[in-house]
Number of protein chains: 2
Amino acid sequence: MSAPASIEEFRNRLADLSEGLPKRLRQCADYIAANTDRIAVSTVAELAAGADVPPSALMRFCQIIGFSGFSEMQRLFREAYSPGWPDYSTRLRNLKDNGAGSPAALLAEFVEAGRLSLEQLAKSADEAALSQAVAQLAGAGTLHVVGLRRAYPVASYLTYVFEKMQVPAMLHDGAGKLDHRHAMRPGDACIAITFAPYSDETLALAGDAQARGLPVIGITDRLTSPLAKLSSPVLTVPEVDFGAFRSLSATLALSIALAVAVGSARG
Amino acid sequence: MSAPASIEEFRNRLADLSEGLPKRLRQCADYIAANTDRIAVSTVAELAAGADVPPSALMRFCQIIGFSGFSEMQRLFREAYSPGWPDYSTRLRNLKDNGAGSPAALLAEFVEAGRLSLEQLAKSADEAALSQAVAQLAGAGTLHVVGLRRAYPVASYLTYVFEKMQVPAMLHDGAGKLDHRHAMRPGDACIAITFAPYSDETLALAGDAQARGLPVIGITDRLTSPLAKLSSPVLTVPEVDFGAFRSLSATLALSIALAVAVGSARG
DNA sequence: CTGATTTTGGAATTTTTATTCCAAACCCGC
DNA sequence: GCGGGTTTGGAATAAAAATTCCAAAATCAG
């Protein structure tokens, strides 16, 4: 078998082979696939250490891919090496230059929106409210998570993280129009997520929880949101929209941080 | 004189010295100034040949700049290039060990992880694959979206965006263990999302779609993913994990861009 | 033009890096 | 468990690269 002549070909061969490879060689394949950009500037020993295999395994890997050895593989990547792209902002401009509305340009816009959202979140996060929320949730029984439409991905991820951290949590997703409001028992807590235009169902559930005396943690877009009135601490997320859709980056970051903090606090 | 600690410092020193240097050393300085980007991936002999000087001249040049030798200079450029992927699992452990696992600190880490993921996505996104994916989806009938566990939020958001853009789409979420694979009809297309450890159900559905001749668009974490083989274009997302959880920022940005592009292409 | 000083080229040496090879460990079907 | 083939780790070897050193060439001041 002859050596791949281009990086494209290399990637294909990597994808073809990766299955049906024994343990160590698969480790190599995975690490290389995830760190292709380091090949040009690393030694066998460095890459092998990264993949957590002995150097000889990496050599074997190179040969299986079709190269005569590591050096030949490295040559391919060194020749193609152009460090023009470690620069995020120029790359973004390049993507946008594909013309407005092109997939690449759209991607650039959403990446930027996400980044801006995260930056603003870092600046504006209310640490006191966050700590208070963690304290309330850490002391509660079952956590009831509700979020619909665009907030639904956040609600479902929150529930996933709670489950992984062995925190009892329940997702109120309205499936089958089944209503689970009576699952909320004294000692439980509620996390409600909604953004303008605010979802009635979410507000209703949050209101119900409040009426039963459960703590309600709200995650929403502004302090004037109807959810704010129902929540004991309300967490606001400054999400930047692009077009009609939001990136959710900041909301997710806040939510996961909340969940992990609660999970560790509960031990 | 000590070695430059940054590329900035290196450039300054180069500018300072370049005047008043004898012929051969000036050749070195000129060539290096014009080809700084090759330093990381070249040998002494190669650079010397490029500058049209003997290797020993280049060695002298490195020492005059302040390095102990060529290797030290090269290290500077290799390290500066490699994006320095932070090791989040150890950082998380440190956070906990120091008792500094405050919610605010966690939030900062997740924000940072999200930012890095987005930047990395911008740098590494495969525009050709993205365009191809958009073209395939734009020409298809119903779009079948599948993603479970941590990929579920992405799948559900994708479906939400498609619905908003009036693109017929169906979310295969395994609710009620109902299997909807026969809903996939000729002319449809499938979008499958999974990350390591890959979900069997997702792979099964993608495989089924492929077997029926539907185009499969895969969104996954690496090229060696089992999903790659099942997808006609596969889109890889370099998501940074923080602890056991990923921010999903990059995955969502890519997905929304894909959905919006498909939505507009379908008009 | 001469002698002192700097600069230069390349061969010799040292260090690092890649590569091979083989015995031990591991799997898998029986 | 037992014998087949595979896979693995590491020590030994080969290759390549970096680095040093010194004699020859060039430069320059007087």
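Here is the naming used below: chain letters follow the sequence lines, and residue numbers restart at 1 for every chain.
- Computed from coordinates, the B:R26 CZ to C:dT8 P distance equals 12 Å when rounded to whole Å.
- B:K23 places its NZ atom 10 Å from the C1' atom of D:dA26, with the value rounded to the nearest Å.
- As rounded to whole Å, 11 Å separates atom P of C:dT20 from atom CD of A:E72.
- For D:dT19, the OP1/OP2 oxygens have no side-chain nitrogen or oxygen of B:S56 closer than 4.0 Å.
- Look at CZ on B:F61: it is 19 Å from C1' on C:dT6, rounded to the nearest Å.
- Rounded to a whole Å, the CG atom of B:L58 is 12 Å from the P atom of C:dG9.
- Residue B:P54 places its side chain closer to C:dG9 than to any other of D:dA18, C:dG9, C:dT8.
- Listed nucleotides: C:dA18, D:dA18, C:dT8. Nearest to the side chain of B:F70: D:dA18.
- Nearest heavy atom pair, residue B:P153 against residue B:R149, reads CD-O, 3.4 Å.
- For B:T43 and D:dA16, the shortest distance from a side-chain N or O to OP1 or OP2 is not below 4.0 Å.
- For A:R60, the listed nucleotide lying nearest its side chain is C:dC21; candidates were C:dT19, D:dA18, C:dC21.
- Across all non-hydrogen atoms, the minimal contact from B:L258 to B:A133 is CD1-CB, 3.9 Å.
- As a whole-Å value, the separation of A:F67 CZ from C:dA18 P is 15 Å.
- Taking every heavy atom of both residues into account, A:R115 and B:L118 meet most closely at N-CD1, 3.5 Å.
- In this structure, of D:dA18, C:dT8, D:dT8, it is D:dT8 that holds the atom nearest to the side chain of A:R24.
- Taking the side chain of B:S71 as heavy atoms from C-beta on, and the options D:dA18, D:dT8, C:dT8, the nearest nucleotide is D:dA18.
- Here the P atom of nucleotide D:dT8 and the CE atom of A:M59 are 16 Å apart, to the nearest Å.
- Considering only side-chain atoms of B:P22, the nucleotide from D:dT19, C:dT7, D:dT8 that sits closest is C:dT7.
- Relative to the six-membered ring of B:F195, B:R246 meets both conditions, a distance below 6.0 Å and an angle of at most 45° to the axis.
- Phosphate contact (OP1/OP2 of D:dT19, side-chain N/O of B:Q63, threshold under 4.0 Å): absent.
- Atom CD in B:Q74 sits roughly 13 Å away from atom C1' in D:dA16 (whole-Å rounding).
- Just one residue in the list B:H172, B:E201, B:R181 forms a side chain to side chain contact (heavy atoms under 4.5 Å, CB included) with B:V146, and that residue is B:H172.
- Between A:P55 and B:S68, it is A:P55 whose nearest contact on DNA chain D lies nearer the 5' terminus.
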